[in-house]
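Counting begins at 1 with the first residue of the sequence.
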Amino acid sequence: MAGHSKFKNIMHRKGAQDKKRAAMFSKLSREITVAAKMGMPDPDMNPRLRLAVNAAKAQSMPKDNIQRAIDKAAQAGGEDYIEMRYEGYGPGGVALIVEALTDNRNRTATNVRTAFSKNGGNLGSEGSVSHGFERRGLIEYKAEVGDEETVLEAAIEAGADDVESSEDGHTIWTAADALHGVAGELEKALGAADNVKLAWKPVLSVDVDEATAGTLMKLIDTLEDDDDVQTVWGNYEISDEVMEKLG
């Protein structure tokens, strides 16, 4: 289904980038703090915070770090982060959505615009590409959690909309407002997921060749390296063969 290899490719690339672990923890902490500040500091009473905490646990973030990020939300004089969304086109006409949490929107906007312009892209206005995506819930499990039939049955029972299974793992899609509930039910049946978050799922995908893929990956890497950028979503499909050549 459209978008599956995109998530697989990104997981593969991130798995090879241990040096970015500290930066990843920083982004996870920022999301936890924002979620705790917007609602109750208790994950059981705050769906967004629970998703953020689960995402941090999936990346083996220490419990002390998670608690510090929650506590930070109640501190006076702490940073106030603004949620921003940027949309544009990358090389080959690939549509990209960039989600950010920032305490300086001018800085972030400049950095995102520069990343697009220097890597064959063009930043557009909000809404310029999001019409080609659906706002969905995304839950991911490793392949060893169970075979395709086991995961499918658990997903149906939990109220999920769709399941994609391969040798790389299981991708489960839900309605956006059902993500918290479905993730909770799946955790009872399959254990904690590797990834639980709201996603932008492309309606149609663009196949990217080797020549375009190199520049596209450079653009995405540049965006993801920015401290303010939380997630980059795209409507691209890149074959395993091309990904192997890119290294």
Engineer: Who pairs with S26 by side chain to side chain donor-acceptor pair (under 3.5 Å), at least two apart in sequence or on another chain?
Structural biologist: none
Engineer: Should L219 and M243 be regarded as members of a common hydrophobic cluster, given that ILVMFWY residues are connected when their side-chain heavy atoms come within less than 4.5 Å of each other, either directly or indirectly?
Structural biologist: yes
Engineer: Same cluster for Y141 and V182 if Ile/Leu/Val/Met/Phe/Trp/Tyr side chains link at under 4.5 Å?
Structural biologist: yes
Engineer: Between the side chains of K37 and D80, is the shortest nitrogen-to-carboxylate-oxygen separation below 4.0 Å, so that they form an ion pair?
Structural biologist: yes
Engineer: Could you tell me whether a side-chain N or O of K72 sits under 3.5 Å from a main-chain N or O of I32, the two making a donor and an acceptor?
Structural biologist: no
Engineer: Which of these passes side chain to side chain donor-acceptor pair (under 3.5 Å) with D226: T108, N111, T102, T114?
Structural biologist: N111
Engineer: I need the K188 NZ to E185 CD distance, nearest 0.5 Å.
Structural biologist: 4.0 Å
Engineer: With hydrophobic residues grouped by side-chain heavy-atom distances under 4.5 Å, do V53 and L51 end up in a single group?
Structural biologist: no
Engineer: Can E31 and K197 be counted as an ion pair, charged N to O under 4.0 angstrom?
Structural biologist: no
Engineer: So, applying side-chain contact (heavy atoms from CB on, under 4.5 Å) with V98, which one of D228, I220, T231, V229 is it?
Structural biologist: V229
Engineer: If you group Ile, Leu, Val, Met, Phe, Trp and Tyr whenever their side-chain heavy atoms sit less than 4.5 Å apart, what else falls in with M45?
Structural biologist: M40
Engineer: Atom OG in S60, atom CZ in F25: separation rounded to 0.5 Å?
Structural biologist: 6.5 Å
Engineer: Locate the shortest heavy-atom distance separating T215 from P91; write the atom from each residue and the value.
Structural biologist: CG2-CG, 3.6 Å
Engineer: Identify the two heavy atoms, one from A155 and one from V163, that lie closest to each other, and give their separation to 0.1 Å.
Structural biologist: CB-CG2, 3.4 Å
Engineer: Hydrophobic clusters here meaning ILVMFWY residues chained together by side-chain heavy-atom distances under 4.5 Å, can you tell me if V196 and M61 are in one?
Structural biologist: no
Engineer: Rounded at 0.5 Å granularity, tell me how far OH in Y86 sits from CG in L223.
Structural biologist: 11.0 Å
Engineer: Distance-only, no hydrogens or angles: does the D161 side chain make a donor-acceptor pair with backbone N or O of A175 under 3.5 Å?
Structural biologist: yes
Engineer: Backbone N or O of G127 within a donor-acceptor pair of the E87 side chain at under 3.5 Å?
Structural biologist: yes
Engineer: Can you list the steps and then say if V129 with I97 is a side chain to side chain contact (heavy atoms under 4.5 Å, CB included)?
Structural biologist: CA-CA 7 Å; V129 305; I97 296 177; 3.9 Å; yes
Engineer: Roughly how far, to the nearest 0.5 Å, is the OG1 atom of T33 from the CG atom of D71?
Structural biologist: 9.0 Å
Engineer: Which heavy atom of S130 sits nearest to which heavy atom of W200, and what is that distance?
Structural biologist: CB-CZ3, 4.2 Å
Engineer: For T174, does its backbone N or O pair with a side-chain atom of R136 as donor and acceptor, under 3.5 Å?
Structural biologist: yes
Engineer: Taking everything shown except E148 itself, do over 12 heavy atoms lie less than 6.0 Å from its CD?
Structural biologist: no
Engineer: Locate the shortest heavy-atom distance separating W233 from L198; write the atom from each residue and the value.
Structural biologist: CZ2-O, 3.5 Å
Engineer: Working note: T222 + D225, criterion side-chain hydrogen bond (donor to acceptor under 3.5 Å, both in side chains); need CA distance, chi angles, decisive distance, verdict.
Structural biologist: CA-CA 5 Å; T222 300; D225 283 344; 5.8 Å; no
Engineer: Quick one: OH on Y236 to CG on L216, what's the gap to the nearest 0.5 Å?
Structural biologist: 6.0 Å
Engineer: May I have the step-by-step check of side chain to side chain contact (heavy atoms under 4.5 Å, CB included) for L138 and K201, ending in yes or no?
Structural biologist: CA-CA 9 Å; L138 169 68; K201 184 181 182 183; over 6 Å; no
Engineer: Tell me whether the count of non-hydrogen atoms from other residues, nucleotides or ligands lying under 6.0 Å of CZ in R135 goes above 12.
Structural biologist: yes
Engineer: Determine, for E144 against K142, whether the closest basic-nitrogen to carboxylate-oxygen distance falls under 4.0 angstrom.
Structural biologist: no
Engineer: Looking at L179, V151, D162, which hits side-chain contact (heavy atoms from CB on, under 4.5 Å) with I172?
Structural biologist: V151
Engineer: With rounding to the nearest 0.5 Å, note down the distance linking CG in N122 to CZ in F116.
Structural biologist: 8.5 Å
Engineer: What pair of heavy atoms forms the shortest contact from L28 to A56, and how long is it?
Structural biologist: CD1-CA, 3.9 Å
Engineer: Judged by atom type as modelled, is there a donor-acceptor pair below 3.5 Å linking the side chain of R105 to the main-chain atoms of M84?
Structural biologist: no
Engineer: Using only atom types and a distance under 3.5 Å, with no angle test, would you say the side chain of E167 pairs donor to acceptor with the backbone of A143?
Structural biologist: no
Engineer: How far apart are the closest heavy atoms of R50 and P43, and which atoms are they?
Structural biologist: CB-O, 3.3 Å
Engineer: Check E83 with R48, please: is the shortest side-chain N to carboxylate O separation under 4.0 Å?
Structural biologist: yes
Engineer: Is a donor on one side and an acceptor on the other found under 3.5 Å between the side chain of S125 and the backbone of S128?
Structural biologist: no
Engineer: State whether the side chain of T171 and the backbone N or O of E140 hold a donor-acceptor pair below 3.5 Å, judged by distance alone.
Structural biologist: no
